[in-house]
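Only a predicted model underlies this, so the values are computations on that prediction, with no experimental measurement involved.
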There are 2 protein chains.
Amino acid sequence: MVQYLGSPLDLSFAALSDATRRGIIDQLGRGDASITSLADQFQMTLTGMKKHVQVLERAGLVVTQKVGRVRTCKLGKRGLNAEAEWIEAHRKLFEARFEALDEIISEMKQEGSDD
Amino acid sequence: MVQYLGSPLDLSFAALSDATRRGIIDQLGRGDASITSLADQFQMTLTGMKKHVQVLERAGLVVTQKVGRVRTCKLGKRGLNAEAEWIEAHRKLFEARFEALDEIISEMKQEGSDD
DNA sequence: TAAATACTGAACCATATAGTTCAGTGTATA
DNA sequence: TATACACTGAACTATATGGTTCAGTATTTA
């Protein structure tokens with residue numbers, strides 16, 4: 001087994017592609033939380049929640065620390081800067097494309113097209 | 001088989017979690033392209049490229065149209081606005097957390113901690 | 001010290017992803 | 001009309017995801 005983990009953006013976008021994990025980030029934005037409290041809020045087993053937290057940790061979006069028997073989760077220092085940068089840069093590409101003349105022309109000849 | 005497809009953000013973040021697909025978006029930002037030309041550029045079989053394009057289409061990031069025997073891919077009108085909005089809103093949460101006093105305090109008592 | 005709490009790890013299940021090959025179908029071109 | 005081209009679909013492989021249960025271990029607390 002090779003276990004190639006992918007680039008940082010691969011990991012963070014994958015982490016954000018699940019509504020539960022986006023919810024966990026929401027929640028941690030309101031305060032740190034244990035695995036148990038997160039599992040309660042999202043109606044999930046401890047083990048299931050632990051896996052979600054691990055995905056967020058691998059992506060650097062969350063950090064955890066175990067003190068005594070409680071593992072506390074908080075938002076990671078890494079933040080969402082790299083993701084925001086990629087999205088902003090490419091949002092411009094989308095906009096630039098739609099301002100192009102050929103877009104208007106292709107809208108005009110919208111008849112008799114497949115699929 | 002139920003085939004529950006997930007919310008729009010689920011689909012688009014998942015689509016963006018692969019470097020090849022992010023590359024396809026880059027490329028389409030420079031101009032529309034056929035499946036064949038994309039497959040050539042990313043050194044992949046036609047079938048493989050078609051699957052990537054389908055993932056981008058399901059997410060609304062790309063639209064395609066077949067004319068004759070060529071399927072042309074272009075950036076979708078949907079754009080990255082919803083994604084940018086989510087990221088920006090949550091980026092603030094990350095920043096707010098780090099400005100909080102308890103953060104500084106917890107940095108201070110950083111000794112004798114697990115994992 | 002006994003019991004409850006909080007987590008951890010292994011194992012399992014169903015489905016999705018990322019890729020392939022191979023065998024087509026339909027379209028353009030020589 | 002024969003050939004080449006562009007795509008499509010089915011089938012297969014390996015791995016990841018999202019969830020579970022069950023059986024632990026370690027830490028509090030009564």
Side-chain angles (χ1 to χ4, degrees), chain A residues 1-7 9-25 32-59 61-74 112-115, chain B residues 1-7 9-25 32-59 61-74 112-115:
Chain A
M1 190 190 38
V2 184
Q3 185 78 348
Y4 172 59
L5 287 168
S7 76
L9 281 182
D10 284 27
L11 290 174
S12 52
F13 282 133
L16 296 177
S17 73
D18 181 274
T20 298
R21 285 192 295 262
R22 290 195 303 276
I24 292 168
I25 290 177
D32 301 349
S34 68
I35 305 279
T36 295
S37 70
L38 291 171
D40 287 349
Q41 288 173 73
F42 292 91
Q43 308 224 96
M44 188 175 297
T45 58
L46 265 184
T47 309
M49 179 52 67
K50 190 174 187 255
K51 285 194 186 181
H52 278 304
V53 169
Q54 275 171 342
V55 171
L56 289 163
E57 262 193 293
R58 263 192 295 153
L61 298 175
V62 162
V63 294
T64 73
Q65 193 189 17
K66 192 169 184 178
V67 175
R69 61 187 172 183
V70 178
R71 179 171 296 278
T72 299
C73 309
K74 56 166 68 178
S113 59
D114 172 4
D115 171 287
Chain B
M1 188 189 39
V2 185
Q3 186 75 350
Y4 173 58
L5 287 168
S7 77
L9 281 182
D10 284 27
L11 290 174
S12 53
F13 281 134
L16 295 177
S17 75
D18 180 274
T20 298
R21 285 192 295 263
R22 290 195 304 276
I24 292 168
I25 290 177
D32 300 349
S34 67
I35 305 280
T36 296
S37 70
L38 291 171
D40 287 348
Q41 288 173 73
F42 292 92
Q43 310 225 93
M44 188 175 296
T45 59
L46 266 184
T47 309
M49 181 51 68
K50 187 170 189 262
K51 285 194 186 179
H52 278 303
V53 169
Q54 276 172 342
V55 171
L56 289 164
E57 261 193 294
R58 263 192 295 153
L61 298 175
V62 162
V63 294
T64 73
Q65 193 189 17
K66 192 169 184 177
V67 175
R69 62 187 174 183
V70 178
R71 179 171 296 277
T72 300
C73 309
K74 57 166 69 177
S113 58
D114 174 4
D115 173 288

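The CZ-C1' distance, from B:R71 to D:dG9, rounds to 13 Å in whole Å. Taking atom CG of A:L11 as the reference point, atom C1' of C:dT17 lies 15 Å away to the nearest angstrom. Atom CZ in B:F42 sits roughly 14 Å away from atom P in C:dA18 (whole-Å rounding). Rounded to whole Å, atom C1' of C:dA18 lies 12 Å from atom CG of A:D10. Per the geometry, CG belonging to A:L38 stands 19 Å off P belonging to C:dT5, to the nearest Å. Computed from coordinates, the A:Q65 CD to C:dT8 P distance equals 13 Å when rounded to whole Å.
In this structure, the side chains of B:Q54 and B:T64 stay at 4.5 Å or more apart for every pair of heavy atoms. Side chains of A:V55 and A:H52 form no contact here, defined as non-hydrogen atoms less than 4.5 Å apart. Two residues are said to be in side-chain contact when any heavy atoms from C-beta on lie closer than 4.5 Å; B:L61 and B:L16 meet this criterion. Within the 4.5 Å cutoff, no side-chain heavy atoms of B:V67 are placed close to those of B:T72. At least one side-chain heavy atom of B:R22 sits under 4.5 Å from a side-chain heavy atom of A:S7.
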Restricting to nitrogen or oxygen on both sides, can you table the protein-nucleotides 17-21 of chain D pairs closer than 3.5 Å?
residue: D:dG18; atom: OP1; partner: A:D18; partner atom: OD2; Å: 3.3
residue: D:dG18; atom: OP1; partner: A:R21; partner atom: NH2; Å: 3.2
residue: D:dG18; atom: OP2; partner: A:R21; partner atom: NH1; Å: 2.3
residue: D:dG18; atom: OP2; partner: A:R21; partner atom: NH2; Å: 3.0
residue: D:dG19; atom: OP2; partner: A:H52; partner atom: NE2; Å: 2.2
residue: D:dG19; atom: N7; partner: A:K51; partner atom: NZ; Å: 3.2
residue: D:dG19; atom: O6; partner: A:K51; partner atom: NZ; Å: 2.2
residue: D:dT20; atom: OP2; partner: A:T45; partner atom: N; Å: 3.3
residue: D:dT20; atom: OP2; partner: A:T45; partner atom: OG1; Å: 2.6
residue: D:dT21; atom: O4; partner: A:T47; partner atom: OG1; Å: 3.4

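The residue among A:R69 and B:Q54 whose nearest nucleotide of DNA chain D is located toward the 5' end is B:Q54.
Closest approach of B:M44 and B:M49 over heavy atoms only: SD-N, 3.7 Å.
The phosphate of D:dG9 (OP1 or OP2) has a side-chain N or O of B:K50 nearer than 4.0 angstrom.
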